[in-house]
Amino acid sequence: GVWMPLVRQSHRHHPPHSQKHREWEREKDSAPTELGYHCKSRRDTPSQQVQFILGTEEDDQHVPHDLFTELDEICAKEGKDAEWKETARWLKFEEDVEDGGERWSKPYVATLSLHSLFELRSCILNGTVLLDVCANSIEEIADMILGQQEQSTEFDEHMRAKVREVLMKKHHHQDENKGKKLFNIAHFFADESKKLPDLHALDKPGEGSSKHGENQETGTMGLSKAEPRFLKKIPAGAEVSNVLVGELDFLQQPIVAFVRLTPAVLLSGMTEVPIPTRFLFVLLGPEGKGHQYHEIGRSMATVMTDEVFHNVAYKAQNRADLVAGVDEFLDQVTVLPPGEWDPSIRIEPPKNVPSQQKRTMPGAPNDSASHSELEKHSGPELERTGRLFGGLIRDVKRKAPWFWSDFRDGLRLQCLASFLFLYCACMSPIITFGGLLGEATDGHISAMESLLGASMTGVVYSLFAGQPLTILGSTGPVLVFEKILYKFCKEYALSYLSLRACIGLWTAFFCVVLVATDASSLVCYITRFTEEAFASLICLIFIYEALEKLSHLREIYPVHMHSKLDLLTTYYCKCEAPTHPSNKTLRFWESNKINVFGVAWENLTVTECRYLHGVFQGPACGHNGPYAPNVLFWCCILFFSTFVLSSFLKQFKTSRYFPTRVRSTVSDFAVFLTIVIMVLMDFLVGIPSPKLHVPHMFKPTRDDRGWFINPIGPNPWWTVLAALIPALLCTILIFMDQQITAVIVNRKEHRLKLIPMPVLYGIFLYMGVSSLRGIQFFDRLKLFCMPAKHQPDFLYLRHVPLRKVHLFTVIQLVCLVLLWAIKVSRAAIIFPMMVLALVFVRKMMDFCFLKRELSFLDDLMPEGELLDSAKNEAKREKVTELDLSLLLQEPQKMMEAAAANPAWCQDPRQD
């Protein structure tokens with residue numbers, strides 16, 4: 001039977017429930033009962049019963065805790081007495097002691113037989129259930145369990161004593177032989193929320209002598225068995241669920257008991273970890289069914305790790321509540337046919353465990369309905385205020401209470417690693433993009449200018465912005481814009497820096513206007529379609545730029561394609577005066593007062609020869625100088641080695657080697673470690689590869705200018721006004737780049753003057769290729785070449801016709817091709833405007849696709865969200881009215897049907 005101590009009943013109470021719950025209770029009270037079980041109507045599904053149970057109010061003794069579950073089985077050794085042996089454990093997933101008995105298996109998703117789950121249900125339905133038992137030792141628990149067993153000829157006092165002796169046997173744990181640990185590890189698992197001493201503890205049996213029921217004699221026993229590394233994985237305040245199963249040759253009938261202790265008790269030697277026990281499940285049966293008992297024990301342990309049943313077990317008031325929890329678990333079970341799956345296969349734990357909220361909340365949406373209930377595309381912080389600088393004022397009010405704490409919390413030793421990480425991460429765009437900006441702008445803006453700009457803006461941003469830990473720096477879109485602008489200025493003989501200063505001032509003004517008008521609310525129009533097209537373009541730019549830069553090295557370091565090894569001793573390349581000098585060369589000689597006939601041309605270095613406008617002559621000379629095959633091939637080795645090594649180290653986190661902390665650190669600093677390794681290799685080999693140019697002193701990269709730039713300079717005065725147009729484009733680009741989120745993740749590097757440029761090119765190739773993996777657009781492109789049976793099981797393929805998926809992909813591909821064509825054409829200056837045009841293209845797609853299809857392929861536009869939300873709200877109101885009308889009529893109909901058909905109210909044990 002069910003045993004509930006009377007002293008505990010007064011502590012359980014329920015809050016006022018809804019009309020539905022009150023009618024459910026009245027129906028239960030008014031229905032006929034048999035053997036103490038309430039009648040179950042057809043409307044009371046296991047899910048509804050569980051939701052009612054979980055809706056009860058919690059008291060201090062029935063608050064669910066994290067559970068560690070251990071499965072022990074009784075086993076006999078040759079020539080030795082029987083003992084309990086740990087065979088499996090559950091924290092989140094199952095771990096088994098391997099057959100050799102020397103190690104634990106990897107955690108895996110438990111797979112159970114449906115038969116064992118039904119047998120578990122029968123055990124709880126017909127076995128002993130003891131709830132809120134107050135006991136301090138396994139002896140007291142064993143006496144309570146055996147006291148509930150009926151006296152018979154097959155189970156007499158002698159048999160009862162033998163079973164009690166078995167329950168008292170020693171427990172052998174897997175990690176018991178790994179050495180004794182310190183006793184103070186138990187303090188690590190003390191509950192985080194320390195409660196005040198109970199003034200009435202002396203009036204409660206077993207609670208006055210120790211915390212969690214632990215007495216002074218056994219309080220320090222069994223603490224040496226725990227493994228510290230495993231202890232760290234168990235959350236603070238966790239409790240234990242012990243499952244004891246086995247076969248006894250002297251038993252004629254099984255003994256089954258489910259026990260919930262209140263309060264939890266630290267049972268010495270029972271568990272491998274020194275934390276208190278809350279639940280015990282005991283199954284002892286006759287000999288010959290050991291495997292069957294083992295599977296039932298696994299089922300019990302797996303059910304206890306289930307989030308919903310775990311909460312039901314804490315709140316259950318009787319046997320029927322536990323059975324309802326098992327029934328609800330069975331409703332969620334997925335059955336695999338025996339001939340189509342190998343049960344011995346261990347399923348790897350998923351990276352993300354799905355939410356179980358739909359099982360505990362009435363009317364919670366399931367997976368298929370999640371797209372019908374549309375969520376808002378933006379948070380409340382992006383809602384338009386309708387006031388000048390209203391969004392900024394609201395941001396300041398929201399940020400002000402946490403302003404000082406953001407800096408105080410950083411003054412801790414634990415933040416040191418974050419400081420170092422952010423330093424490397426912030427230096428990444430300065431070095432990589434600064435070096436490439438220097439090449440793109442002929443040194444007008446390079447690494448030193450990027451360093452100064454990032455330092456000034458970074459300090460201001462960190463002091464006054466809402467995210468002090470944001471990684472700042474140049475990004476791919478800015479690099480593209482700078483290249484386009486510099487090329488434009490070069491073609492039209494304009495001063496690049498002066499025009500860039502005007503554009504910067506206008507851009508700052510436009511950004512202030514955007515802030516004043518709450519323009520950030522427009523981010524809701526940037527859907528996945530726009531984001532993926534923009535991100536794909538940047539990835540392709542990175543890949544193209546990296547390969548183009550590598551191919552450009554062939555012009556600087558040419559290779560003799562048809563050389564003969566036997567003639568290597570005759571090859572030479574020397575500097576000579578040009579036979580027919582150009583006018584530019586003549587003016588240079590004249591302005592610098594160079595006597596051509598007085599120069600020892602054959603003794604000049606390559607740099608001196610180029611400076612004096614000499615020419616290279618000889619069989620070992622190329623167009624721009626002597627052949628340098630070693631440099632070009634070494635640059636190719638550095639380029640591809642950087643790409644391969646970065647990819648390998650980034651994926652090292654999922655490797656099987658080394659501890660998790662080591663793998664995570666290597667993965668986080670993959671790019672930084674790659675750069676260090678490749679720099680060392682380049683230094684040791686000694687081949688003169690091109691290096692990143694960083695000034696030795698804090699000064700501008702070019703010597704022909706200072707730090708301050710005149711916005712007009714040599715340009716005509718009207719360029720100040722004309723700069724408004726490119727400034728508007730730059731503002732759009734910065735706004736889009738900021739709001740679309742950091743598509744290309746900033747990488748971690750360091751300020752090294754010896755970084756070979758091919759290494760930076762390899763980093764760019766890695767950034768472009770690695771970023772393609774997270775873009776759904778490229779996954780959909782692969783579907784064009786895949787037969788239907790080999791296509792991945794993407795969610796949108798389940799709900800959207802394949803032709804519509806291909807149409808969506810083709811439109812996105814056409815937009816990407818047009819963006820690339822504009823970027824490489826003479827109209828590249830309007831490139832940011834074309835990025836903004838993607839939003840309008842996406843808006844037109846509402847006429848080609850259903851809203852349901854777009855909800856799987858993309859995000860919905862705001863108007864569609866509001867319209868569909870209004871429709872769904874109206875639909876819910878109609879359903880609610882219908883449910884209320886049925887709710888008022890159904891109880892009377894159910895009572896009449898129950899009276900007409902008494903079979904509905906049969907004993908649940910006969911199900």
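Atoms considered below: every heavy atom in the structure, side chains included; atoms not considered: hydrogens, waters and symmetry mates. This is a predicted model, so every value here is computed, not measured.
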Rounded to the nearest 0.5 Å, what's the gap from CD on E307 to CG on L67? Could you check?
-> 12.0 Å
Would you find more than 12 non-hydrogen atoms of other residues, nucleotides or ligands less than 6.0 Å from K162 atom NZ?
-> yes
side-chain contact (heavy atoms from CB on, under 4.5 Å) between V133 and T262, worked out = CA-CA 6 Å; V133 172; T262 304; over 6 Å; no
Would you say R278's side chain and V240's backbone share a donor-acceptor pair under 3.5 angstrom?
-> no
Intermediate values then yes/no, side-chain contact (heavy atoms from CB on, under 4.5 Å), V245 and I296 | CA-CA 8 Å; V245 300; I296 296 176; 5.9 Å; no
When you check the gap from the basic side-chain N to the acidic O, do R346 and E98 get nearer than 4.0 Å?
-> yes
Interatomic spacing from CG in L54 to CG in N311 - rounded to 0.5 Å | 5.5 Å
Are D132 and R260 within salt-bridge range, i.e. N to O under 4.0 Å?
-> yes
Closest non-hydrogen atoms of A324 and I53, given as atom of the first, atom of the second and distance, are CB-CD1, 4.5 Å
Greater than 12 external heavy atoms within 6.0 Å of E165's CD | no
Candidate list R359, Q332, Q356, test side chain to side chain donor-acceptor pair (under 3.5 Å), partner D306, passing option | R359
If we ignore angles and hydrogens, is there a donor and acceptor under 3.5 Å between the side chains of E73 and T87?
-> yes
Check ion pair R89-E70 (N to O, under 4.0 angstrom) = no
Please work out whether the ring planes of F258 and F279 are parallel, tilted or perpendicular, with thresholds of 30° and 60°.
-> tilted
Please lay out, stage by stage, how F68 and E239 fare under the test side-chain contact (heavy atoms from CB on, under 4.5 Å).
-> CA-CA 6 Å; F68 166 73; E239 297 177 340; over 6 Å; no
Sequence-distant partners of F281, ring-ring contact (aromatic ring centres under 6.0 Å, His included), two or more places apart | none
salt_bridge(R164, D143) N-O dist < 4.0 Å = yes
Closest heavy-atom pair and its distance - S299, L112 = CA-CD1, 3.9 Å
So which heavy atom on I234 is nearest to which on I275, and how close?
-> CG2-CD1, 4.2 Å
Taking all non-hydrogen atoms of both residues, which atom of G285 and which atom of L251 are closest, and how far apart?
-> N-CD1, 4.0 Å
Between atom CG of L167 and atom CG of L244, what is the distance when rounded to the nearest 0.5 Å?
-> 7.5 Å
Provide the closest heavy-atom pair for I145 versus Q149 in the form atom of the first, atom of the second, distance.
-> O-NE2, 3.3 Å
Closest approach of V109 and P350, non-hydrogen atoms and distance?
-> CG2-CD, 4.0 Å
For residues 281-299, the salt bridge (Lys or Arg N to Asp or Glu O under 4.0 Å) pairs (sequence neighbours left out) are E94-R298, E295-R298
Kindly compute the distance separating OG (S116) from CE (M300), expressed to the nearest 0.5 Å.
-> 11.5 Å
Stepwise, does the side-chain contact (heavy atoms from CB on, under 4.5 Å) test hold for T302 with W90?
-> CA-CA 7 Å; T302 304; W90 285 255; 3.5 Å; yes
